Protein chains: 2
Amino acid sequence: MANQATTSMRDHILEVASDLFATRGINATGVDTIVAQAGIAKMTLYKYFKSKEQLIVEYLQKHDDNLRQGLFDRLDANKDNQLNTLINAVMEWIADPEFKGFSFINAFVEFPQAESAVNQVSVEFAQALRNTIAKSAASSGVKKPEILAMQLSLLIEGAAMAEQMQRGSGAIDHARAAAKVLISAAL
Amino acid sequence: MANQATTSMRDHILEVASDLFATRGINATGVDTIVAQAGIAKMTLYKYFKSKEQLIVEYLQKHDDNLRQGLFDRLDANKDNQLNTLINAVMEWIADPEFKGFSFINAFVEFPQAESAVNQVSVEFAQALRNTIAKSAASSGVKKPEILAMQLSLLIEGAAMAEQMQRGSGAIDHARAAAKVLISAAL
DNA sequence: AGCGTACTATACAGGTCAGTACATTAACGC
DNA sequence: GCGTTAATGTACTGACCTGTATAGTACGCT
């Protein structure tokens, strides 16, 4: 509705769509809802995005970029103890009341067929997160960084689901503690 | 299609629906598809189930019963080392190529609104699984069984997602190893 | 033979879905 | 002022959705 002088129309649409996808689910969010919420005409949406699928893919991309950027900022600010820094950053990310789950996990569940582009992109981003963890593990002197990265990512994804299902269940703190145990066992 | 002499019509419908829900996703499976696949008339489905939502809830219930029963059988057969037995049983469950994810997680993602009955049932079953793990932990002499149960359930749910996303990624073995570390740390 | 039950087939209601067509209005550079 | 461009509102297509209505068929029981 409000004239988008600062941010471009395209960004505005993507932002509104991302919000709806995250809170209501992707399949449950119709294009008409996005258009109404953004206060624009449907034609405008289809001028910037050729299909709903493209909108979904860019939504996943954006969330991945945000997560990745947040992690890198924290890692750059704290060169030693990379692994602990990363775990803390991710757990804070999950603890945020605005957190609605990792988008790539939700998208993977909503698009279970391997042929779907959304499914493929989701898998890519899950692996990218693991790779980032593995790099931190390697720089922290872990012997087998890929294995630890896999284990930590299981904890992280599990914690994200558990915290969503029951806010304040303690999943985050217990995940943090478990991560500490696994890390020291891998050193 | 085939005359259901052995199993009741109701069970037949629920079985077909469960299969479709698990493989294609719940929202992506229409009632017409279930009816066609089951080889029945739509009126017959609505004779036994008052709505699609009821069908979904019973699907979740059935999967939970299956998982629960499988675990109890294994636990009864091996009274000592309950925790290891349970982890092994769950990991084998996940490793099965037919495994399509924990239904309560998928349902939770597809129905994110807390008001939804499907959402509520999903959360219940997730907690029930944690309780089962906690009992095994307690019987194994763990000091704080609830905490360990939470940590193990994070690993389990994470492993289920990871294994689905990339079959044979090693998620299961690494989760098993991580579980061992956490268990021995908690004793 | 006659009745009731279980199931089927077809059609429909009322709604939402993604995506398109078209005609109109507002803003801005020249 | 004029032409271009961006965005709008409305209506539509064709498909799919859950759920219902109706009429007909197959079969077992008494």
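Here the structure is a predicted model, which is why all the values come from computation and not from measurement. The figures here come from the full heavy-atom set of this structure, side chains too, leaving out hydrogens, waters and symmetry mates. Throughout, protein chains are lettered first and strands after them, A, B, ... in sequence-line order, and every chain is numbered starting at 1.
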- Nearest-Å distance for atom pair CZ/P, residues B:Phe49 and D:dG19: 13 Å
- Query: B:Arg68: what forms a salt bridge (charged side-chain N to carboxylate O under 4.0 Å, His left out) with it, not counting sequence neighbours?
  - Reply: B:Asp64
Give me the distances for all protein-to-nucleotides 9-13 of chain D N/O pairs that come in under 3.5 Å?
none

- Query: What residues, two or more places apart in sequence or in another chain, satisfy side chain to side chain donor-acceptor pair (under 3.5 Å) together with A:Gln54?
  - Reply: A:Glu58
- Task: Sequence neighbours left out, what passes salt bridge (charged side-chain N to carboxylate O under 4.0 Å, His left out) with B:Glu92? Give chain and number order.
- Result: B:Arg74
- Query: Please give, in whole Å, the distance from D:dT18 C1' to B:Leu20 CG?
  - Reply: 16 Å
- Short side-chain N/O contact from A:Thr44 to OP1 or OP2 of D:dT8, under 4.0 Å: yes
- Task: Mark yes or no for whether B:Gln82, through its side chain, and B:Ser139, through its backbone, hold a donor-acceptor pair below 3.5 Å.
- Result: no
- Message: Quick check on the hydrophobic clustering: are A:Ile133 and A:Ile147 connected, directly or via other members, by side-chain heavy-atom contacts under 4.5 Å?
- Response: no
- Per B:Tyr46 side chain, nearest of listed nucleotides C:dG19, D:dG19, C:dC7: D:dG19
- Message: Checking contacts here: which listed nucleotide (D:dA6, C:dC7, D:dG19) is nearest the side-chain heavy atoms of A:Lys47?
- Response: D:dA6
- Could you tell me the separation between the NE2 atom of A:His12 and the P atom of D:dA6, rounded to a whole number of Å? 18 Å
- Rounded to whole angstroms, how far apart are NZ on B:Lys50 and P on D:dT20? 10 Å
- How many Å lie between CD1 on B:Ile13 and C1' on C:dA6, as a whole number? 12 Å
- Query: Could you state the CG-C1' distance from B:Leu55 to D:dC17, rounded to the nearest angstrom?
  - Reply: 15 Å
- Query: Taking only residues at least two apart or on different chains, which pairs with a member in residues 23-53 of chain A satisfy ring-ring contact (aromatic ring centres under 6.0 Å, His included)?
  - Reply: none
- Item | DNA chain D contacts made by residues 21-35 of chain A, counting heavy atoms under 4.0 Å | none
- Message: Applying a 4.0 Å non-hydrogen cut-off, can you work out what B:Tyr48 is touching in the nucleic acid: base, sugar-phosphate, or nothing?
- Response: sugar-phosphate
- Query: If you measure only the distance, is there a donor-acceptor pair under 3.5 Å linking the side chains of A:Asn131 and A:Gln127?
  - Reply: no
- Query: What do you reckon, is NZ of A:Lys62 surrounded by more than 12 foreign heavy atoms closer than 6.0 Å?
  - Reply: yes
- Message: For a quick check under 3.5 Å, do B:Arg24 and B:Thr29 share a side-chain donor-acceptor pair by atom type?
- Response: no
- Task: Calculate the interatomic distance between A:Arg10 atom CZ and D:dA7 atom P; express it in whole Å.
- Result: 12 Å
